[in-house]
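Throughout, protein chains are lettered first and strands after them, A, B, ... in sequence-line order, and every chain is numbered starting at 1.
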Number of protein chains: 2
Amino acid sequence: MSTSFAEENYLKIIYRLSEGHDEDISTNAVAELTQTKAASVTDMLRKLAEKGWVNYQKYQGVRLSPAGEKIALGIVRKHRLWEVFLVEKMGFNWDEVHEIAEQLEHIESDSLIDKLDEFLEFPKTDPHGDPIPTKNGVMPELGYLHLSDIKADKRCVLMGVAKDSAIFLQLLTKMQLSLGATLHVLEVNAFDRSISVSIDNAPAVFISHEVAKNILVKLA
Amino acid sequence: MSTSFAEENYLKIIYRLSEGHDEDISTNAVAELTQTKAASVTDMLRKLAEKGWVNYQKYQGVRLSPAGEKIALGIVRKHRLWEVFLVEKMGFNWDEVHEIAEQLEHIESDSLIDKLDEFLEFPKTDPHGDPIPTKNGVMPELGYLHLSDIKADKRCVLMGVAKDSAIFLQLLTKMQLSLGATLHVLEVNAFDRSISVSIDNAPAVFISHEVAKNILVKLA
DNA sequence: AATATTTTTTAGTTGGGCCTAAAAAATAAA
DNA sequence: TTTATTTTTTAGGCCCAACTAAAAAATATT
Ligand SMILES: [Mn+2]
Ligand SMILES: [Mn+2]
Ligand SMILES: [Mn+2]
Ligand SMILES: [Mn+2]
């Protein structure tokens, strides 16, 4: 069965909202991410349920069916492979690729994605450190930690970000925070939960809790 | 002003139908290429005229306005650049790329196209020998001849095809006819207008008029 | 337990892009 | 120059994906 752009976007967003926990997703949560109104979401959820891509009963919230999850993972796979392409081959910065990938993720051609994957030498993660689902629909679990949860005196490596927004990524770039940077957490400041961090052994700088929350690391 | 996929497809098709001659395009001609019904075309032509992209008066046919032609050339440029990408970088055959390019041509990002163009080293023609419009909207005139118009005893080089259909391109491949092949027209057979041609100095083969009509060459 | 608030759904519209059937205009044939 | 045929347009509808306003259900507060 074929999928429209709108349907694909809904499935992708429901997937994102479901990641991690196991609860049903609320209509309002979907409405916020799709940038539509709750009434429109209700409409679409009924349609998606009819096609067997979500389990939905009114007032009970929604979750993806196995079929729906497979579609969502396919879209995410395409999105992230295209992002790699845009950064690695086309020379875009990591804060410039999300919007373009939002369009490219809907291009329908299995052989194109296979060839793209090969062309990019089978990347495991995208330019934001997010894992790329495998061809057969498995999302690798990377198990990164949030920088905000790292204790003082620990060293870690910046592996990814939990937010794609250009404004956030540009700030990181300005702060010399890019994938692979080594971070030495010197101090956690109780007052505002900001942290003092030495980036690649440079003199320490402050990182706000809001920023640290959205930085993913692994312990060194 | 932004353009929908449907609008872009109409403009592109009107452009194609206008190439060469100077007459207005009929509603039916557009309907055939868009794979829609004449009534739907009439609807769309009214809308395109309102947006200033075509000149249209009912029962009089349609032609692109300068603004419409600019949009159409942009779409054609993207289509052909993506086709080069698919063949040169992704390893597709020339008969496999048209459908995918039909999707990719609607991706909206000027900087992406600039970077793609550079990545491909500013190609002048696509995998079918068609010229790629310049960034500022000029379609290069290549002035190729139809193989069916070449006189006996002349030598020429295969520069392009006048048809994108996979079935046609596959036949050419099977006949060893690819871009750059040298063709020596030995004989024009009056009975069926087929021609006897030596391809790259191999023993002569027959090429039907139907095929020769759709092969573009320049004299050697 | 009753009432207020928030969330979600239903009802009714809209616009885009398509359709069929019927009417009107243009063109061809008699 | 009538009449027949073809082309194009209009009229009316359908489906998709969104909307607003109002109703209903779920949840929170008093
Ligand atoms: Mn992204
Ligand atoms: Mn990403
Ligand atoms: Mn093509
Ligand atoms: Mn082409």
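Here H79(A) and H98(A) bring their ring centres to under 6.0 angstrom of each other.
The distance between atom CD of E7(A) and atom C1' of dA18(D), rounded to the nearest whole Å, is 14 Å. In this structure, the CG atom of L48(A) is 12 Å from the P atom of dC16(D), given to the nearest Å. Here dT7(C) presents its P atom at 17 Å from CD of E23(A), a figure rounded to the nearest Å. Note: CG (N9(A)) to C1' (dC16(D)) measures 14 Å, nearest angstrom.
Looking at heavy-atom distances under 4.0 Å, A6(B) makes contact with sugar-phosphate atoms alone, never a base. At the heavy-atom level, F5(A) lies nowhere under 4.0 Å from the strands shown. Using a 4.0 Å heavy-atom criterion, one finds that Y10(A) contacts the sugar-phosphate atoms exclusively. Among the protein residues, T42(B) comes within range of the nucleic acid bases, having at least one heavy atom under 4.0 Å from a base atom.
With hydrogens and angles ignored, a donor-acceptor pair under 3.5 angstrom links the side chain of D43(B) to the base of dC18(C).
Cation-pi check for K115(B) over F92(A) is met; the charged atom lies under 6.0 angstrom from the ring centroid and within 45 degrees of its normal. Both the sub-6.0 Å distance and the 45° axial angle are satisfied by K89(A) relative to the ring of F119(A).
Between S40(B) and dC19(C) there is a side-chain N or O to OP1 or OP2 distance below 4.0 Å. For the OP1/OP2 pair of dT20(D) and a distance below 4.0 Å, the side-chain nitrogens and oxygens of K37(A) include at least one atom meeting the criterion. In this model, the phosphate group of dA25(D) is not approached by any side-chain N or O of K58(A) to a distance below 4.0 Å at OP1 or OP2. Here S4(A) reaches the OP1 or OP2 of dA17(D): one of its side-chain N or O atoms lies under 4.0 Å away. Close to dT10(C), at under 4.0 Å from its OP1 or OP2, lies no side-chain N or O of Y59(A). Between N28(B) and dT6(D) there is no side-chain polar atom (N or O) within less than 4.0 angstrom of OP1 or OP2.
Between W82(B) and F85(A), the ring planes are tilted. Angles from 30° to 60° get that label.
Between D114(A) and K135(A) a salt bridge is recorded (basic side-chain N to carboxylate O distance below 4.0 Å).
When each of dA18(D), dT20(C), dA11(C) is scored by its nearest atom to the side-chain atoms of A39(A), the top-ranked nucleotide is dA11(C). Closest to the side chain of T27(A), from the set dT8(C), dC19(C), dA17(D), is dT8(C).
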